[in-house]
Structure formats: C-alpha cells, structure tokens
Number of protein chains: 2
Amino acid sequence: MQSAYGWPVTERRSGEGQPERTLALLWRNHRKPTADGTRPTVLRGRGAGRRPSLDVNGVVAAGIRLADTQGLAAASMGGVAKELNVGTMTLYTYVPSKEELLDLMVDQVLGERELPGPGAPRPDDWRDQVEMYSDQTRRMFQRHPWLSQVSTIRPPVGPGMLAGREYLLSALLEIGLTPRGTNLAALAITTYVDSAAGLEAESELIEQSTGQTNDAWWYERNDLWETYFDVDQHPAMTTIWNANGYQGTTREAATESYRYGLDRLLDGIQATVLES
Amino acid sequence: MQSAYGWPVTERRSGEGQPERTLALLWRNHRKPTADGTRPTVLRGRGAGRRPSLDVNGVVAAGIRLADTQGLAAASMGGVAKELNVGTMTLYTYVPSKEELLDLMVDQVLGERELPGPGAPRPDDWRDQVEMYSDQTRRMFQRHPWLSQVSTIRPPVGPGMLAGREYLLSALLEIGLTPRGTNLAALAITTYVDSAAGLEAESELIEQSTGQTNDAWWYERNDLWETYFDVDQHPAMTTIWNANGYQGTTREAATESYRYGLDRLLDGIQATVLES
DNA sequence: ACCAATTTCCGTAGGGTATACGAGAATTGT
DNA sequence: ACAATTCTCGTATACCCTACGGAAATTGGT
C-alpha cells in the first residue's frame with residue numbers, strides 16, 4: 001500500500017490535512033544529513049510495482065514552463081498532463097493536488113534567486129545587500145510573472161522561501177537593530193519589494209497577454225477626461241497634470257516609483273539606526 | 001435595438017473592447033453637470049418594452065454582499081443571480097460580463113472610504129492626512145477582504161478610485177515636492193499601503209475560511225524545524241529565533257510591521273523635503 | 001514459468017465556472 | 001389588436017478539479 005514517497009495511494013487528497021507530506025515534497029531535494037553523515041534519499045521505483053514514467057521535479061518544471069509561456073491558467077492539471085503526454089489523473093500519483101503543485105512551483109522559483117548563502121561573498125554595505133535581494137526578486141517576477149497571482153499568506157515552507165528570508169535577515173542583522181526590529185524591517189521590505197516587483201511584472205504580463213500596452217489602454221479611456229472627469233472635484237490631479245507630473249510612459253513611472261519607494265524605505269530604516 | 005443604458009443587447013460581451021460602456025457604468029451615479037446646469041440621468045424603463053426587475057446598483061450590491069460573507073468565489077454569476085432570485089443570464093442585461101461586475105464592485109468599495117474631498121476639513125499635518133488614507137484603506141480591506149484577490153494593474157477608472165488618488169495627491173502636494181516627485185511618492189505609498197493592508201486582510205480571510213489560525217497552521221508544520229531545517233544554512237533566522245525576535249502571534253507581527261514600514265517610508269519621504 | 005503483491009496509469013463521472021444563442025414574456029404606443 | 005421594443009432565462013459548450021476503481025506493468029518468491 002505504500003506508494004511513491006511512502007504515502008498510501010488512497011490518501012492522495014488535498015494537502016490541507018497533510019502538512020507532513022507537503023513538507024516532504026517541498027524538501028525532496030534538500031534532506032538534512034543524518035547522524036552517520038549520509039543524506040537520506042527518497043527512492044522511487046525500488047521493489048515491486050510498475051515503473052514511474054515521471055518524477056516530481058519534471059511535473060513541477062512542466063508547470064512552471066507552461067505558466068511562464070502561456071500564463072498561470074495554462075498550468076492546469078489537464079494542461080500539465082498534456083505537456084507531459086500522460087493522462088490527467090496520472091499527475092495525482094506525484095502530487096496530491098493542484099494546490100500542492102502550485103506550492104512546489106513557487107518554492108522552486110523562489111529558490112532560483114541567486115542569493116549568497118551563509119559564508120559566501122556578498123556586498124559590503126547592507127543597503128547593497130538589500131538591493132541585491134530586490135534585484136533578484138524583481139528578476140524572478142519578470143521571469144515568472146504568474147507569481148504575482150499567487151497568494152503568499154501561507155507560503156510554501158520550502159528551501160527556496162527559507163533561503164530568501166535567511167538572506168534578507170542576515171543583511172539586516174549587521175546594522176544593529178534589535179532582533180525584533182530586524183524582523184519588522186525584513187517584513188516591511190519584503191512587503192514592499194514583493195508587491196512592487198509583482199505589480200511591475202503583472203503589468204508586463206497583461207500587456208503581453210492582451211497585446212495592448214498600458215498606455216494604449218489608458219488612451220482608449222480618453223472619454224473619461226472629456227465626459228466624466230470633473231476638474232473641480234480633482235484639483236490635485238489637475239495641478240499635477242498641468243505641471244507635467246504624469247510625463248513618461250506607465251512603465252517608466254512604475255520603474256521609477258519602485259526605486260523611489262525602496263530608497264525612501266531604506267532611508268527611513270537607516271535613520272532609526274543613526275539616531276541611537 | 002437600444003437596450004438599457006443605450007447599448008445594443010447583441011453587443012453585451014466583454015468590456016475589453018468597449019471601454020465607453022464600462023466607463024458609463026462606472027460613472028452611472030456621477031454624471032457631470034451639463035452646460036445648462038442639470039445633471040443628465042440615464043433612464044431605464046422609459047418607452048416600450050418589458051420593465052426591468054433589477055438595477056445595476058442592486059446587482060453590484062449583491063455581488064459585494066456575497067463576496068463579503070462567503071468569499072469572492074461565491075460572487076459568481078450564478079451565485080449573484082440566485083441571491084437576486086433571477087436566472088443567471090438575466091444579469092447580462094445589466095452588466096456585460098463578470099469582469100465588468102468585478103470592476104463595479106471594486107470601484108464601489110473604493111468609493112466608500114471616508115476621505116475628505118477638496119475644500120472639506122482635514123488634518124493639518126500631511127502625515128496625519130496620509131495616515132487617514134492608510135486607516136481608511138485598511139478598514140476597506142478588512143470589510144472587503146476579497147479585494148486582495150483582485151488585480152489592480154488596470155484598475156476600474158471610476159469615481160471611487162479617482163477620489164482616493166485625488167485625496168492622497170492633495171495631501172502630498174503641500175509638502176513641496178516636485179510635481180513628478182509628488183506622483184512618485186503617491187505611487188510608492190499606495191503600493192505599500194494597498195499591499196500591506198491587503199496582506200493583513202487576506203490573512204484574516206484565510207483564518208476564517210479555513211477555520212484555522214495562522215499560528216495553528218505554523219504549528220502543524222513543526223516537523224519543519226525538527227526534520228528539515230538546517231541550522232548551519234540559516235544562522236540569521238536561528239539568531240533571531242534565539243533572541244525571541246519572532247515573539248508574538250503572526251497577526252501582531254503583521255500589524256506591527258505594517259506600522260513600522262509605513263512610518264519608515266514617510267520618514268524617508270519627509271527627509272527628502274528637509275534636505276532642500 | 002507462474003503468481004501474488006505492489007505500484008503506476010488513466011477513463012469516466014460529477015459538480016463547479018463563464019457565456020453565446022435564441023425563444024418567449026412583458027410592456028408601450030399606434 | 002398588433003408591431004416594436006426590452007427584459008428574462010433555459011440550453012448548450014467548453015473549460016476546471018478530482019473521487020473512484022479497474023487495467024497495466026513490474027517485482028520477488030516459489
């Protein structure tokens with residue numbers, strides 16, 4: 001009755017009730033060394049039974065590939081199965097549910113950020129270290145814009161997610177905040193970086209999937225200004241408009257505001273240290 | 001052939017191609033005064049034809065009610081129709097598609113924030129004004145947690161959305177940034193506030209819909225620390241853990257980090273003004 | 001060589017979603 | 001009474017996830 005990875009086939013349903021299995025999947029490539037120094041490996045296809053034709057990594061990779069090229073909706077169970085030339089239900093041998101598959105996809109791409117681990121060389125200044133986190137995260141969102149559509153409230157607790165948190169915390173630890181302050185600063189930074197980078201990526205995703213630039217989208221709504229916009233009700237917007245405060249493309253504004261906000265946030269964090 | 005609001009029944013499909021109709025719906029209650037001072041109203045049920053049994057406001061309100069109480073998924077076309085005791089397809093007389101309905105729902109709740117308009121009394125300090133924006137937005141997310149699941153990249157260009165932008169810009173205008181700088185600061189603030197408030201609300205939403213607190217969720221994953229977590233790979237997390245940097249509930253940490261990040265961001269913005 | 005045990009593979013069925021189409025019902029003015 | 005108009009909504013199509021259960025493949029034991 002023990003199937004791949006040691007779980008009964010009959011209990012393959014939703015991971016909500018089975019955190020252990022989800023963890024085992026997330027950490028499938030990162031087992032800790034045991035007491036005798038060997039890394040335990042989870043073997044498939046040993047013993048009796050039909051040989052598996054796929055493996056988890058392959059399923060996850062196919063999901064990411066589809067989501068990257070055709071959007072998150074294309075990474076449906078049916079879509080992934082077709083991509084791998086198997087029946088839809090075959091996937092459930094490798095992954096308990098769609099939800100788990102998504103978790104695995106997310107942790108995979110989180111882990112692909114090139115962030116130096118403990119002991120590895122890194123920029124001297126803490127701000128440059130945070131900058132590196134921001135850059136890598138931004139690139140991740142650009143490569144995988146579907147990430148912006150995934151809730152991160154209960155993130156996949158896997159190696160990729162933990163590595164990112166570890167790196168950011170280590171960058172902030174050295175500047176002399178309290179332990180709790182370090183944690184707060186890290187949360188504030190990830191909130192800003194993840195959402196701003198996500199918005200930027202989502203913006204490009206929508207431009208590509210609709211074949212219409214955001215500027216064209218706005219232009220289509222020109223009626224707004226002529227027919228509905230009431231200048232008396234919106235003096236500040238009017239002032240900024242007249243002073244060319246909205247110059248440049250939507251994309252340029254997004255990139256510029258991303259930098260601006262991150263710099264101001266780091267300024268504010270830095271100031272709390274200098275005061276003491 | 002002219003149906004409600006003056007659009008042919010046969011062209012009731014997706015709003016992507018019909019920005020004019022979407023705008024007309026969004027601004028249905030906010031027509032500008034015309035030259036002769038009267039506000040044009042869009043009348044339904046005048047002339048020949050069967051009397052309408054619903055109106056747009058009612059459909060939107062039903063959608064919001066369902067999403068508030070049973071989650072965004074419950075605000076399906078079928079769900080809203082059942083709530084209103086009509087057939088599913090009847091809704092398409094009032095709203096061109098699910099997408100438009102969602103836009104209308106979003107702009108409605110954006111507009112329910114109590115933000116003083118131009119000329120109305122408001123706090124003296126610009127930071128208190130921004131604070132007010134943050135408070136109102138946070139409450140909005142708490143009342144309507146489903147908002148966090150809606151993309152804001154191409155927002156509904158309606159009265160609610162514009163009123164919020166106008167208020168925030170007016171608060172920032174007085175502190176002496178350049179017009180472009182004002183716009184950048186506003187974008188950075190909305191990025192942070194919207195996403196942090198959204199995360200907070202989403203967190204509570206998930207607790208309620210799953211019946212499991214986030215702390216319980218983490219507790220279920222205790223295996224992580226025993227079985228998979230490698231201290232050598234995560235020294236910073238370990239340090240903060242040992243120094244009790246993670247004390248308190250998940251919710252407390254979220255609330256505290258929200259305040260912390262907003263304050264630091266405003267500190268940073270304020271500093272750019274003082275320098276010059 | 002055969003068979004039981006084991007595991008993977010996957011077709012079918014059921015319940016969910018949005019919405020195109022077109023027929024029928026209701027109301028007005030002529 | 002009847003044409004014109006507008007609203008109502010059943011049906012059909014095409015997706016989605018996944019529970020169930022039986023067929024196929026492979027092993028080790030005899």
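Throughout, protein chains are lettered first and strands after them, A, B, ... in sequence-line order, and every chain is numbered starting at 1. Heavy atoms only: backbone and side chains are in, while hydrogens, waters and symmetry mates are out.
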Colleague: What nucleotide among dC10(C), dA18(C), dC17(D) has an atom nearest to a side-chain atom of Ser76(B)?
Modeller: dA18(C)

Colleague: Between C1' on dT17(C) and CD on Gln70(B), what's the gap in Å once rounded to a whole number?
Modeller: 16 Å

Colleague: Rounded to the Å, how far apart are Leu101(A) CG and dC17(D) P?
Modeller: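 One finds 10 Å between P of dC17(D) and CG of Leu101(A), rounded.
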
Colleague: Would you please confirm or rule out a distance under 4.0 Å between OP1 or OP2 of dC9(D) and any side-chain N or O of Thr88(B)?
Modeller: no

Colleague: Does Thr90(B) make a side-chain N or O approach to OP1 or OP2 of dC9(D) shorter than 4.0 Å?
Modeller: yes

Colleague: If the test is side-chain contact (heavy atoms from CB on, under 4.5 Å), which one of Leu26(B), Asp103(B), Val60(B) qualifies with Gln108(B)?
Modeller: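 In the set Leu26(B), Asp103(B), Val60(B), the residue that makes a side-chain contact (heavy atoms from CB on, under 4.5 Å) with Gln108(B) is Val60(B).
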
Colleague: Does a side-chain N or O of Tyr92(B) approach OP1 or OP2 of dC21(C) to a distance below 4.0 Å, or not?
Modeller: no

Colleague: Whole angstrom is fine here: how far is it from CG in Leu72(A) over to P in dC17(D)?
Modeller: 10 Å

Colleague: Taking 4.0 Å as the cut-off, does a side-chain nitrogen or oxygen of Arg51(A) come that near to OP1 or OP2 on dT27(D)?
Modeller: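 Arg51(A) to dT27(D) OP1/OP2: side-chain N or O found under 4.0 Å.
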
Colleague: Of all the nucleotides listed (dT8(C), dT19(C), dT18(D)), which has the minimum atom distance to the side chain of Tyr94(A)?
Modeller: dT8(C)

Colleague: Roughly, in whole Å, what's the span from CE in Met77(A) to C1' in dG16(C)?
Modeller: 16 Å

Colleague: Salt bridge check, Glu207(B) against Arg251(B): does any charged N sit closer than 4.0 Å to a carboxylate O?
Modeller: yes

Colleague: Tell me the interatomic distance from Arg50(A), atom CZ, to dT8(C), atom C1', rounded to whole angstroms.
Modeller: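 After rounding, the gap between these two atoms is 5 Å.
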
Colleague: In whole Å, I'd like the distance from the NZ atom of Lys98(B) to the C1' atom of dA20(C).
Modeller: 18 Å

Colleague: Within this structure, what is the OG1-NZ distance for the pair Thr88(A) and Lys82(A), rounded to the nearest 0.5 Å?
Modeller: 8.0 Å

Colleague: Using distance alone, with no hydrogens and no angle criterion, decide if Asn214(B) and Ser203(B) have a side-chain donor and acceptor under 3.5 Å apart.
Modeller: yes

Colleague: Take atom CG of Leu102(B) and atom P of dT19(C), then tell me their distance rounded to the nearest Å.
Modeller: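 Answer to the nearest Å: 11 Å.
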
Colleague: Rounding to a whole Å, what distance do you find between Leu91(B):CG and dC9(D):P?
Modeller: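 Rounded to whole Å, this separation is 10 Å.
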
Colleague: Between Phe229(B) and His234(B), does the ring centre distance come in under 6.0 Å?
Modeller: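 Yes - the distance between ring centres of Phe229(B) and His234(B) falls below the 6.0 Å cut-off.
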
Colleague: Which of these nucleotides, dA20(C), dT27(C), dT6(C), is closest to any side-chain atom of Met89(B)?
Modeller: dA20(C)

Colleague: Within the structure shown, what part of the strands sits under 4.0 Å from Ser53(A) by heavy-atom distance: base, sugar-phosphate, or nothing?
Modeller: sugar-phosphate

